[in-house]
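Have a look at the structure below before the remarks.
From a predicted model like this one, the values you see are computed outputs, not experimental measurements.
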Amino acid sequence: MTHPTADDVLRGVDLTGRTAIVTGGTSGLGLETSLALARAGATVVAATRNPVAVPGLAVARLDLADLDQVRDFAAGFDTVDILIANAGIMACPLTRVGPGWEAQFAVNHLGHFALVHHLWPALWRGRDARVVVVSSNAVPDAPIRWDDPHFTTGYDKWQAYGQSKAANALFAAHLDVLGQAAGVRASSTHPGAILTPLQRHLTRDEMLAAGWIDEAGQAAPYFKTPAQGAATQVWAATNEAAAGRHCNDCAVTPFRPSPADAVRLWELSAAMTGLSYALK
């Protein structure tokens with residue numbers, strides 16, 4: 001199967017005058033997403049924990065594990081038309097951030113939850129604003145550890161990753177419900193399997209055992225390139241059909257997160273971050 005790239009998806013799409021933010025926007029999928037949006041005419045801010053200059057992009061520091069920094073970053077925007085919540089970490093050793101939060105849940109979910117809240121006035125001032133949250137088809141309905149989301153006991157790096165990606169899909173689903181009245185729509189996406197810096201915490205032996213690479217270090221045949229992996233998130237950001245849906249391969253999927261779990265996660269996240277339940 002030949003997969004389209006982000007540039008293929010945006011061919012003929014004019015984003016001139018639109019402001020886009022891409023978290024994790026200077027490496028891997030985020031970089032390909034940022035560059036494709038910029039080539040389509042958008043003004044793109046690539047938000048990253050370790051800023052590096054990238055021609056054609058405005059690069060800004062953003063550590064999603066630091067909620068004060070998230071608040072300060074968002075204060076710099078008057079209008080946002082597209083937010084791609086792309087940044088993430090995967091299968092890392094047990095790491096604590098902020099008030100003792102487990103890092104994958106904190107960075108992949110809570111940081112983006114806070115970012116959307118602080119950007120809310122800018123998003124509702126946007127033109128048909130879209131929020132795209134990068135999840136994963138491997139674990140879109142993984143269980144949330146409601147009584148111990150931060151793994152105070154029994155840490156497993158893959159369970160923690162799965163929980164964070166399920167949280168991404170639940171977050172996007174309820175954000176779309178709450179945002180519709182303000183004209184802000186949200187969706188979640190699965191980019192596919194791609195070798196990027198996301199795998200930095202995995203050993204070569206782990207990736208060999210998973211069948212992700214061969215002995216020469218080459219990606220498995222079913223893996224996409226980063227440019228192909230970025231296609232679904234730019235498709236979701238610019239296609240009406242994606243609103244309120246989970247997307248894969250530049251199309252909506254049948255998967256729909258549990259509305260009850262989406263509300264429960266929103267309330268839990270609001271309590272953890274100290275942010276309002278409702279967006280106003």
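Residue-environment remark: CZ (R145) exceeds the threshold of 12 foreign heavy atoms within 6.0 Å.
Residues forming a side chain to side chain donor-acceptor pair (under 3.5 Å) with H117 (at least two apart in sequence, or on another chain): none. Every residue meeting the side-chain contact (heavy atoms from CB on, under 4.5 Å) condition with L178, not counting sequence neighbours, appears here in chain and number order: H174, W266.
Taking the ring centre of W146 as origin, the terminal cationic atom of R264 falls inside the region bounded by 6.0 Å and 45° from the ring axis. R61 forms no cation-pi arrangement with F73, by the criterion of a distance under 6.0 Å to the ring centre and an angle within 45° of the ring axis.
In summary, K224 and E32 do not engage in a salt bridge, as defined by a charged side-chain N under 4.0 Å from a carboxylate O. Salt bridge annotation for R130-E240: present, with a cationic side-chain nitrogen under 4.0 angstrom from a carboxylate oxygen. Ionic pairing of K157 and E102 is not present here: no N-O contact between side-chain nitrogen and carboxylate oxygen is shorter than 4.0 angstrom.
Hydrophobic clustering of Ile, Leu, Val, Met, Phe, Trp and Tyr side chains at less than 4.5 Å, counting indirect connections, keeps I21 apart from W235.
Using bins of under 30°, 30° to 60° and over 60° for the plane-to-plane angle, the ring pair F105/H109 lands in the tilted bin.
Checking S135 against H190 by side-chain atom types alone, no donor-acceptor pair falls below 3.5 Å.
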- Take W101 and R96 through the side-chain contact (heavy atoms from CB on, under 4.5 Å) test and state the conclusion after the steps. CA-CA 5 Å; W101 293 339; R96 299 289 177 195; over 6 Å; no

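Taking the centre of each ring, F171 and H112 stay at or above the 6.0 Å mark.
Atom CG of N50 is separated from atom OG1 of T26 by 8.0 Å, given to the nearest 0.5 angstrom. Here the straight-line distance linking atom CG of L29 with atom CD1 of I84 works out to 11.0 Å at 0.5 Å rounding. Here CG of L83 is found 5.5 Å from CG of L115. Values are rounded to the nearest 0.5 Å.
For residues 173-188, every residue pair satisfying the salt bridge (Lys or Arg N to Asp or Glu O under 4.0 Å) rule, not counting sequence neighbours, is listed here: D176-R185.
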